[in-house]
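Along the sequence shown, residues are numbered consecutively beginning with 1. Atom set for the values below is all heavy atoms of this structure, side chains included, hydrogens, waters and symmetry mates excluded.
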Amino acid sequence: QALHIRYGLLIDLVVPRAAIEQVASVRGPVPQTKGRLCLWGLGAPDVCITLLEGTTLALPWGMRPVREIVLGIDQPAAFCDALKSSMAKE
């Protein structure tokens with residue numbers, strides 16, 4: 001089982017659910033830092049997915065260590081609830 005994230009033309013991620021440590025809502029500015037993948041475009045960040053330490057993902061520029069994925073999505077509360085429910089079933 002995996003979370004599939006598509007963003008624009010280049011980002012097409014497959015994140016194993018077993019690599020997801022937690023998911024939470026965020027508000028306000030989220031700075032770009034090493035290990036954080038920021039995918040919110042012109043909107044605002046509202047969801048942060050924390051991955052287990054040592055997780056690497058296939059990005060357009062190669063395999064990279066990623067600790068957090070920060071997203072801007074249309075229905076953040078519903079997304080967080082669905083992902084948490086999915087994680088609880090494992």
Side-chain angles (χ1 to χ4, degrees):
Q1 299 280 10
L3 173 65
H4 190 180
I5 300 172
R6 295 194 73 202
Y7 178 78
L9 297 173
L10 296 177
I11 304 293
D12 189 1
L13 297 174
V14 177
V15 181
R17 268 202 331 226
I20 299 173
E21 187 173 341
Q22 70 177 10
V23 59
S25 297
V26 295
R27 288 185 183 257
V30 177
Q32 179 72 41
T33 62
K34 186 174 182 177
R36 180 180 289 155
L37 183 59
C38 298
L39 305 174
W40 63 78
L42 297 175
D46 46 29
V47 172
C48 180
I49 301 168
T50 303
L51 305 178
L52 295 173
E53 192 73 41
T55 300
T56 58
L57 298 177
L59 299 171
W61 44 93
M63 295 296 288
R64 295 289 190 267
V66 177
R67 181 71 168 129
E68 292 180 327
I69 303 170
V70 183
L71 305 169
I73 59 177
D74 292 335
Q75 297 177 358
F79 175 84
C80 288
D81 290 345
L83 187 54
K84 286 177 185 176
S85 174
S86 171
M87 290 166 56
K89 293 178 182 176
E90 284 195 355

Linked, directly or transitively: Leu52 and Ile49 (ILVMFWY side chains, under 4.5 Å): no

Criterion side-chain contact (heavy atoms from CB on, under 4.5 Å) on Leu13 and Val66, from CA distance to verdict: CA-CA 11 Å; Leu13 297 174; Val66 177; over 6 Å; no

Co-membership, hydrophobic cluster, residues Ile5 and Trp61, 4.5 Å side-chain: yes

Is it the case that over 12 heavy atoms from other parts of the model lie below 6.0 angstrom from the CD atom of Gln22? yes

Do you know which two heavy atoms are closest between Val14 and Ala2, and how far apart they sit? CG1-CB, 3.6 Å

Taking atom OG1 of Thr50 and atom CD of Glu68, what is their separation to the nearest 0.5 Å? 4.5 Å

Working to the nearest 0.5 Å, report the span between CZ of Arg6 and CD1 of Ile11. 11.0 Å

Here the gap from Asp46 atom CG to Cys80 atom SG, rounded to the nearest 0.5 Å, amounts to 8.0 Å

Working to the nearest 0.5 Å, report the span between CZ of Arg17 and CG of Leu3. 9.0 Å

I need the Glu21 CD to Glu53 CD distance, nearest 0.5 Å. 8.5 Å

Could you list the cluster mates of Val70? Members are the ILVMFWY residues connected by side-chain heavy atoms closer than 4.5 Å, either directly or through other members. Val26, Val30, Trp40

Between the main-chain N or O of Arg36 and the side-chain N or O of Gln32, is there a donor-acceptor pair closer than 3.5 Å? yes

If you look at every heavy atom in Pro31 and Cys38, which pair is closest and at what distance? O-SG, 4.4 Å

Value for CG (Leu37) from OH (Tyr7), rounded to nearest 0.5 Å, stands at 9.5 Å

